[in-house]
Every structure is written in C-alpha cells, then in structure tokens.
There are 2 protein chains.
Amino acid sequence: MTVKDVCEEFGITADTLRYYERVGAIPKVARTKGGIREYDAEAIGWVRNAVCLRKAGVSVEAIAEYVRLFEMGDETLKDRLELLIGERNGLKTQLDELTAAVELLDWKISRYQEAVETGVLSWEKNE
Amino acid sequence: MTVKDVCEEFGITADTLRYYERVGAIPKVARTKGGIREYDAEAIGWVRNAVCLRKAGVSVEAIAEYVRLFEMGDETLKDRLELLIGERNGLKTQLDELTAAVELLDWKISRYQEAVETGVLSWEKNE
DNA sequence: GCTTGACTTGGAGTCAACTCCATGTTGTAC
DNA sequence: GTACAACATGGAGTTGACTCCAAGTCAAGC
C-alpha cells in the first residue's frame with residue numbers, strides 16, 4: 001500500500017503519516033527502489049496502533065517510546081508492560097472525566113430543551 | 001474565595017484561571033476595591049463548568065462561545081442548546097475512541113503480562 | 001519521451017492552550 | 001509602618017502536534 005492508500009484508510013493526511021514515522025511513532029517504513037514508501041500488513045498494523053492511541057489522546061512521545069522499546073527486543077518486555085499500564089490508567093482517568101462532562105452536558109441539554117419547548121426557564125444561574 | 005482558593009479547589013494554576021477569564025471561558029469575576037478577584041458561588045459554578053469541559057477536551061473557544069451566548073440573555077436559548085448538543089456529540093465520539101484505545105491497551109497488557117510471567121511470547125508481530 | 005500526479009526530503013510555519021515574566025499593587029501579620 | 005506573600009496587568013515564550021512549503025524525483029498513461 002502507498003501513502004495515499006494508508007491515509008484514506010485511516011483518515012489522516014500524508015504529512016501526518018510521514019510525521020509519525022519521522023518522530024518514531026511508527027517504525028521506519030520499507031521503500032521501493034525509487035525511495036517510495038510501501039506499507040505491508042505489519043506496517044499498517046503499526047499505523048493502526050498509532051492512530052487508535054492518538055485519537056484517545058495518548059501522546060506521540062509515549063507511542064514513539066513504545067516503538068523504541070519494541071525495537072530493542074525482548075529485554076524491554078517489562079518496560080513496555082509498565083508503559084502500557086501507565087497509559088491505560090491515564091486513559092481510564094480521561095474516560096471518567098469525559099463521562100462526567102457528557103453527563104453535565106446531557107443535564108444542561110435536557111433543561112434547555114424544556115426551556116426552548118415550553119418557553120419556561122426551570123433553573124437558576126448557569127448550571 | 002480568592003484566586004488561590006479556587007486554584008486549589010480545581011487543581012489548576014492561577015495563570016490558567018486568569019487566562020480562562022481573559023478569553024471569556026468564564027465571565028468577568030467581581031473585584032474588591034483594590035482590584036483583587038473575589039469568587040462567589042456563581043463564579044465558582046462557572047469555573048467548575050469550564051474545568052469539567054476542558055478536562056473532557058472541549059475547546060476553550062466553545063466554552064467561551066457558550067458564556068457569550070449566556071450573557072446575551074434568553075434570546076440565545078436555542079443557539080446555546082445547539083452548541084451543547086454539538087459538543088455532546090463530539091464527546092460521545094471521543095468516548096468511543098477512548099474506549100477502543102483502552103480495549104487495545106488492555107489486550108496488549110494481558111499479552112505482556114503472560115509474556116513477562118511465563119517468559120513466553122504468545123503472539124507475533126506488534127499486535 | 002513527455003505530461004501529470006503522487007511521491008521524496010528538510011525545514012519552516014501555525015495553532016491552541018497554556019505558562020512565564022517584569023513590574024507594580026494589595027493586604028495581613030507583626 | 002514595614003515586611004512579605006499573594007495579587008494585578010500586558011505581553012512574550014513554550015509545547016505538542018501537526019501542517020505547509022520548496023525543490024526536486026518517480027512512475028503510469030498516452
């Protein structure tokens with residue numbers, strides 16, 4: 001697969017894809033003789049990994065650190081495990097905060113729907 | 001309540017608190033004669049709102065827009081409702097992406113725990 | 001073999017959201 | 001009444017994550 005194919009598949013730009021490679025969030029991608037990137041299944045797996053984690057807010061730096069450890073081989077298994085646990089815990093916290101915000105918005109929305117439909121404001125202040 | 005109290009309460013810096021006010025993510029805060037900010041219950045409600053939404057990733061700009069509409073009065077009820085619904089939908093999407101990432105990490109973590117405990121790598125590639 | 005669109009690199013630019021700084025003021029404790 | 005921490009302002013600086021650009025190379029169609 002080419003850069004364009006991968007970008008379309010994951011909904012990112014070519015610049016972003018190359019940026020991920022440049023900073024190590026995905027390993028160096030194999031090239032054709034002419035120097036054109038050629039993504040095989042494994043490379044695409046790495047892109048999927050990076051895109052999935054980035055969408056959840058994991059930093060490019062943390063993703064790159066995982067890739068770096070991965071490439072160092074089996075002696076970094078424990079380090080990788082710790083890294084993953086740390087990131088997972090961060091995401092769990094983020095999930096709680098996100099859920100709280102959705103609840104806040106849902107509550108406000110229900111009040112506003114009332115207000116818009118009935119013309120009556122059934123609450124005070126800004127809550 | 002003073003700047004310091006509010007910061008401690010919400011775990012943000014004084015600079016951030018003043019920044020939120022400056023860009024309108026919270027309304028202008030009342031001052032003492034000497035010009036010192038004094039947060040009453042309502043002001044604190046606005047800070048809570050801003051902090052909660054920011055933690056979930058809602059942009060400062062969107063929060064400020066809500067505040068702006070709020071201060072324009074009842075004629076903006078519908079606009080505010082639409083704004084809230086848009087933001088809520090964005091957060092729901094974000095929640096899905098976050099959940100997917102947590103699942104990915106949980107799966108990897110379970111594999112790594114196996115590998116670290118047994119010394120056996122029970123999977124191929126980078127998955 | 002020429003056009004054309006997609007690709008290459010290195011480096012600079014942009015944007016949101018802080019974060020820091022200089023310089024001065026306020027107000028509580030002694 | 002003086003020391004000192006916390007406050008004020010305006011503006012500059014930083015950070016992370018892209019995003020754009022210039023100048024050139026590659027390759028599929030005609």
Side-chain angles (χ1 to χ4, degrees), chain A residues 1-26 28-40 43-44 46-47 49-68 87 90-91 94 97-98 101, chain B residues 1-26 28-40 43-44 46-47 49-68 87 90-91 94 97-98 101:
Chain A
M1 277 181 113
T2 71
V3 164
K4 203 180 173 221
D5 296 331
V6 176
C7 290
E8 278 167 13
E9 173 102 9
F10 292 104
I12 58 174
T13 68
D15 270 320
T16 298
L17 186 55
R18 285 189 285 253
Y19 165 72
Y20 285 168
E21 184 176 344
R22 183 146 54 91
V23 299
I26 56 176
K28 297 277 173 227
V29 175
R31 311 303 175 96
T32 64
K33 276 160 200 193
I36 306 289
R37 287 176 180 78
E38 178 67 24
Y39 296 81
D40 62 11
I44 288 168
W46 281 110
V47 175
N49 181 67
V51 170
C52 176
L53 295 178
R54 277 300 301 132
K55 277 185 179 164
V58 176
S59 71
V60 166
E61 191 184 4
I63 299 168
E65 174 67 1
Y66 176 81
V67 171
R68 202 182 64 81
E87 292 303 323
L91 293 194
Q94 182 60 20
E97 289 169 346
L98 202 39
Chain B
M1 276 182 111
T2 70
V3 165
K4 203 181 174 222
D5 297 331
V6 176
C7 290
E8 277 166 14
E9 172 102 11
F10 293 104
I12 58 174
T13 67
D15 270 320
T16 298
L17 185 55
R18 285 190 284 252
Y19 164 73
Y20 284 170
E21 185 178 343
R22 182 149 52 90
V23 300
I26 56 177
K28 296 278 173 227
V29 175
R31 311 302 178 94
T32 65
K33 275 161 202 195
I36 306 288
R37 288 175 180 80
E38 178 66 24
Y39 296 82
D40 62 10
I44 288 169
W46 281 110
V47 175
N49 180 68
V51 170
C52 176
L53 295 178
R54 278 299 301 133
K55 276 185 179 164
V58 176
S59 72
V60 167
E61 191 185 3
I63 299 168
E65 174 68 2
Y66 176 80
V67 172
R68 202 181 65 78
E87 291 304 323
L91 293 194
Q94 182 59 19
E97 288 169 348
L98 202 39

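Both backbone and side-chain heavy atoms feed into the values below; hydrogens, waters and symmetry mates do not. Here is how names work: the chains are called A, B, and so on, in the same order as the sequence lines, proteins then strands, and each is numbered from 1.
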- N/O (side chain, B:Arg18) to phosphate O (OP1/OP2, D:dG11) under 4.0 Å: no

- Message: Looking at A:Lys55, is its backbone amide N or carbonyl O close enough to the side chain of B:Gln94 to form a donor-acceptor pair, meaning the two atoms are under 3.5 Å apart?
- Response: yes

- Heavy atoms under 4.0 Å, any strand shown: does A:Arg31 hit a base, just sugar-phosphate, or nothing? sugar-phosphate

- Message: Taking B:Arg18 first and then B:Glu21, would you say they form a salt bridge - that is, a charged N and a carboxylate O separated by under 4.0 Å?
- Response: no

- Item | Side chains of B:Val23 and B:Ile63 in contact at under 4.5 Å (non-hydrogen atoms) | no

- Note on the structure: Reading nucleotides 15-30 of chain C from 5' to 3' and marking B where a protein heavy atom lies under 4.0 Å of the base, S where only the sugar-phosphate is that close, and - otherwise, the string is --BBBB-----SS---

- Can any side-chain N or O of B:Arg31 pair as donor or acceptor with the backbone N or O of B:Val29 at less than 3.5 Å? yes

- Task: Side-chain contact test, heavy atoms from C-beta onward, threshold under 4.5 Å: evaluate it for A:Val3 versus A:Tyr39 and give yes or no.
- Result: yes

- Kindly determine whether B:Tyr20 and B:Arg54 satisfy side chain to side chain contact (heavy atoms under 4.5 Å, CB included), including the steps that lead there. CA-CA 10 Å; B:Tyr20 284 170; B:Arg54 278 299 301 133; 3.4 Å; yes

- Message: Measure CE/A:Met1 against P/C:dC7 and give the value in whole Å, please.
- Response: 12 Å

- Find the distance A:Lys55:NZ to D:dA17:P and express it as a whole number of Å. 16 Å

- Task: Whole angstrom is fine here: how far is it from CD in A:Glu21 over to C1' in D:dA17?
- Result: 17 Å

- Task: Return the value, rounded to whole Å, for the distance between atom CZ of A:Arg37 and atom P of D:dA27.
- Result: 14 Å

- Task: Quickly work out the B:Lys4 NZ to D:dA8 C1' distance and round it to whole Å.
- Result: 17 Å

